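What you see is a predicted model; the values in this text were computed from it and never measured. The analysis underlying the following values was restricted to heavy atoms, covering all of them including side chains, and did not include hydrogens, waters or symmetry mates.
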Amino acid sequence: MLLKDLETKLNGSLHYDKLSQTLYATDASVYREMPIAVAFPKNTDDIKQLLSFAKEKKLSIIPRAAGTSLAGQCVGNGLVIDISKHFTEIIRLDENKKQVVVQPGVIRDDLNRFLEDSDLFFGPNTSTSNRCMLGGMFGNNSSGTTSIKYGVTRDKVIAAKAVLSDGSIVTFEEIDKKEFLEKTKLNSLEGSIYKNIYELLKDKENQKLIENNFPKPEIHRRNTGYALDALLESEVFSNLPQKFNMCKLLAGSEGTLAFITEITLQLDNLPPKNTALIAAHFTNIKDCLQAVELVMQHSLYTCEMMDKVILDCTKNHIKFKESRFFLEGDPQAILMLEVRDNHTRDLQIQVDNLLKLLQNKTKSYAHPVLRGDNIDKAINLRKAGLGLLSNMHGDAKAVACIEDTAVALKDLAAYIEEFTQIMKRFNQRAVYYAHAGAGELHLRPILNLKDKEQVKLFEEITATVAKLVKKYKGSLSGEHGDGRVRASFIKEMLGADCYSLLQRIKNTFDPDNILNPGKIVNPLPMTENLRYEANRTEPQIKTLFNFEDTNGLLRAVENCNGSGDCRKSVEAGGVMCPSYRATKNEKDTTRGRANALREFLTQNPQDKKFDNKELKEVLDLCISCKGCKSECPSNVDMAVYKAEFEYQYQKENGFSFRNKLFAKNNSYNKLGSNFPLLTNFFFSNKLTSSLLKKIAKIAPKRSLPLLARRSLWKLLGQNKINLKPVNKIKSVYFFIDEFTNFLDTTIGVDAINLLVNLGYEVKILNHKESGRSYISKGFLEEAKALANSNISIFSKIISEESPLIGLEPSSILSFRDEYLRLANNKDTAVKLSKNVFLIEEFLAAEIKAGNIKSDQFTTQNKTIKLHTHCHQKALSNSKHSFDMLNLPKNYKVRIINSGCCGMAGSFGYEKEHYKISMQIGEHSLFPAVRKAPPEVVISANGTSCRHQILDGTQKIALHPVSILNEALL
């Protein structure tokens, strides 16, 4: 009742249902705690209202942006306030001052895209920069790879507008000593804050405490407790000329002191455009770290380290394995060193000098120099590290607890040597993943936090390393913050007297302890409220899909560590998650769905764990694009999990008429193909099509696909298509998918004609439909039967010399994806899958082999804009289609930087999903198509994509093979 009353007073929204609580019970840390409710404030008045309610009801407030925190900062049992949806405005830019004012929900990379035309950027750059928000970066005092050149967030904050715990609104900014003393006279909470800080920090004994106990000042990544040492560096408390700025304290305070609503940031000029990256290879960690102090004598923009554990995680990753191209041998560690200059000649001098130092004064054994796009590939490999670590099979994971330690550069090698000995004592092989140039090491022990003894070890290892960090006067929290995981050790790190100063700061700002309590000061034990219950009885989840590669569906879901890659914006590129990009709701992210699956599969007491309305709701807008399978560092494949859920749920609740219609569309199309003209009349006539749509609950504005007059199978049966070339290069088997057969017959004819004219004999076996529609609608028993039939038909015939190729990405690529989980004999399915190709893959490979040449095609000029299917982006590569279309000499092809088209098979037809479907199309695809001049050819290789483009833009898109077939001489 109380929450309902609160809800009516908000301009934004409040959610307190079980699903919302579940979605916000975790962040990217090892913690889990159910909040009372989740609020999405629209303005500052809402935040004041929420703070007032929390104060009155003695509840806590947990500020949250993207929820990517690793130390549990966003986990709590009170009211979660999510600013990521509405507080997203870039308020103003002052190019003269090089300053920008933003709301805390602005994504870091989005801000920098906005600033590009001004030749300015915001320097701090976390590995989560394509989805993390400025509010979170402020709260954590984030830094990232560029801190050695541009500093940390604290260095960039000029001013901040905040709501204090009593609801008052204040602006914190630079003030001189006179202005500071005037503030102490204010009869308000703001005045009390300035007065108490003045009394606290003017005391010479307290100043000495801070100087003696805080981390060394040369460690610029230091987030241990509240930054009292940074406040001393002002004219109010020293002889230094700097003005006082409370933002130095608030940056890194993790939302425990005030609720930030606006931030003014100092910007930098864009870095020099010419850049080179040297990847120095080492045979051991010690040699690598001993080189850091030497290389940092150069003007580096990046100095990052990856160890073999991280590198090995990338070997079999769909996306990142391609970024391993620069590795030579089997290095135990790589040091990535980036230099920049405005002039290529001067850049080369820097590269030569750095190579000379590496070769003569370090024990590195290889030094490939990367340039252009290759740098981005290598850096993205490093950025993916944290997520990749969570993809270890089994319950033992690389756990974030001691992963944020920072020491002075001169102490780095010695510190690591002692650290390594500690790890050996604990029988640990730690993961070394470092911002080495900043003296910060992401060191992760591998632990199973489902085991009580390992939980004890979790605490013991952290305590032991904390003592080591204190020995070197380092920072236990370098950039990820104290949160829940490290707050327990601050008292030991700083000493009891110094720690009491932090408590006084907290009490001054937040006397009622409502702002994110338990973080930094007065924490709960680090072993409480862990994500997994120790020594629990693992629930037995029976599935139709085979999940033996991940030890079952549950552990596959648990691979999601919450890193939030699925929350990146449209402008960041990629595919996942299309529905989240439209709704901006956490429930529509891969992370949200994984969290819900994990929660309801483990906490649901009933036997039929899939029979759950919350799971139905959270998976409703998953459009099975497959983007997460490749873009998520943990390879979370939500499309497969959804298909399994749909199967299990519908077994208990029945299969709807519409789902049966879509799943069995091939059978209905076969029936309709006996009378194609009549069928198409009913589909296209306004009156009859409206009636059909109403019965099937199809969106009224959606056009229905029309049947070809003769199916491809029928044309072949009538010997209407030539299958044999004049000069044969090799034979290929052609898979006639259900969409090409009945709907896109002309494309099938074009494909066969193209292959034959290029010298390939086309063979066709009597096979089954792919089962794609059955999979997507959860009819897995039928899909399994079809998959095994096709595997049986093709497995003894298909080989490297005679591959199987197909047109429709979602159909042919199922041989390399879902079939491996549906097969009765997985080994046979895997062997077959290695010789099954999308037609563009096959043709691109033949072009590379020299079997197909440009002089076989027209020399006419043509410009093509290409959109590729999501499943191709996820399971293959758009470049294959690009390379194929570029074969004619004067064809100019540009890949549209689009995510999912939004149709997603039957999804876009469904009445309740039509609006979201079109929103997704409007993100990037539709605008790009509309902007194309009439003479530009639009190309798309997915049948759903072509239909969506037609409905959304009224433009006809051609399949790449049709374009290439027409270009034949």
Side-chain angles (χ1 to χ4, degrees), residues 110 113 130 566 568-584 588 621-628 630-631 639 699 701-703 705 739 744 747 776 807-810 813 838 840 863-882 884-885 892-910 913-960 962-963:
D110 286 356
R113 272 185 283 273
N130 62 7
C566 41
K568 60 189 176 184
S569 61
V570 172
E571 293 74 19
V575 175
M576 71 168 184
C577 279
S579 51
Y580 167 74
R581 292 176 172 187
T583 68
K584 297 298 182 183
D588 299 319
L621 294 186
C622 172
I623 62 178
S624 302
C625 66
K626 288 283 180 184
C628 50
S630 61
E631 293 177 30
K701 293 182 180 180
R702 182 66 73 185
S703 66
F739 311 104
D744 299 319
I747 298 173
S776 65
L807 276 171
E808 174 57 34
S810 65
L813 293 176
L838 188 61
E840 290 103 309
T863 301
I864 302 164
K865 275 192 169 184
L866 171 67
H867 167 80
T868 57
H869 194 283
C870 289
H871 288 200
Q872 179 180 0
K873 290 169 183 166
L875 303 170
S876 177
N877 196 315
S878 298
K879 191 176 183 300
H880 298 305
S881 301
F882 176 81
M884 186 188 92
L885 285 174
K892 295 177 182 176
V893 186
R894 186 167 72 82
I895 297 176
I896 299 173
N897 185 21
S898 55
C900 181
C901 73
M903 180 65 92
S906 64
F907 180 86
Y909 288 96
E910 294 165 352
H913 296 146
Y914 175 78
K915 184 178 178 182
I916 291 287
S917 170
M918 300 310 280
Q919 274 184 264
I920 294 168
E922 291 291 354
H923 286 158
S924 51
L925 178 59
F926 292 171
V929 171
R930 292 191 192 108
K931 286 177 187 175
E935 67 274 12
V936 172
V937 176
I938 305 300
S939 181
N941 64 349
T943 186
S944 293
C945 306
R946 292 189 297 275
H947 198 141
Q948 178 78 328
I949 289 169
L950 180 63
D951 282 357
T953 69
Q954 289 71 57
K955 288 193 176 184
I956 294 173
L958 303 178
H959 194 289
S962 296
I963 296 171

Could you give me the CA-CA distance, side-chain angles and deciding distance for T868 and F882, then say whether side-chain contact (heavy atoms from CB on, under 4.5 Å) is met?
CA-CA 9 Å; T868 57; F882 176 81; over 6 Å; no
Please check if the number of heavy atoms outside K584 that lie under 6.0 Å from its NZ is greater than 12.
yes
Looking only at heavy atoms, what is the nearest atom pair of K873 and S878, with distance?
CG-OG, 3.5 Å
The test is side-chain contact (heavy atoms from CB on, under 4.5 Å); show your working for S810 and H869 and say whether it passes.
CA-CA 8 Å; S810 65; H869 194 283; 3.9 Å; yes
Taking all atoms of both residues into account, what is the closest heavy-atom pair of I949 and A957, and its distance?
CD1-CB, 4.0 Å
With no hydrogens and no angle check, is any side-chain donor or acceptor of R946 less than 3.5 Å from a backbone partner on A940?
yes
Atom SG of C900 and atom NZ of K626: how far apart are they, to the nearest 0.5 Å?
13.5 Å
Is the backbone N or O of H913 less than 3.5 Å from a side-chain atom of S917, with the two atoms forming a donor-acceptor pair by type?
no
Chi angles and distances behind the side-chain contact (heavy atoms from CB on, under 4.5 Å) call for R930, E922
CA-CA 10 Å; R930 292 191 192 108; E922 291 291 354; 2.7 Å; yes
Parallel, tilted or perpendicular: which describes the rings of H947 and Y909, with under 30° parallel and over 60° perpendicular?
perpendicular
C901 versus H867, closest heavy-atom pair with distance:
CB-NE2, 3.8 Å
Give a yes-or-no answer on whether the side chains of Q948 and R702 include a donor-acceptor pair shorter than 3.5 Å.
yes
Is H959 reaching over with its side chain to a backbone N or O of T943, donor-acceptor style, under 3.5 angstrom?
no
Nearest 0.5 Å, please: how far is CG in L621 from SG in C577?
11.0 Å
Rounded to the nearest 0.5 Å, what separates atom SG in C945 from atom CD in Q872?
9.5 Å
Kindly determine whether E631 and K568 satisfy side-chain contact (heavy atoms from CB on, under 4.5 Å), including the steps that lead there.
CA-CA 11 Å; E631 293 177 30; K568 60 189 176 184; 2.8 Å; yes
All heavy atoms of C628 vs all of M576, minimum pair found to be CA-SD, 3.5 Å
Interatomic spacing from CG in L807 to CZ in F739 - rounded to 0.5 Å:
12.5 Å
Hey, could you give me the OG1/CG distance between T953 and L925, rounded to the nearest 0.5 Å?
7.5 Å
Nearest 0.5 Å please: distance from the NZ atom of K879 over to the CE atom of M884.
13.5 Å
Nearest heavy-atom pair of I938 and A932: which atoms, and what distance?
CD1-CB, 3.9 Å
In terms of heavy-atom contacts, P809 and L838 come closest through CA-CD1, 3.8 Å
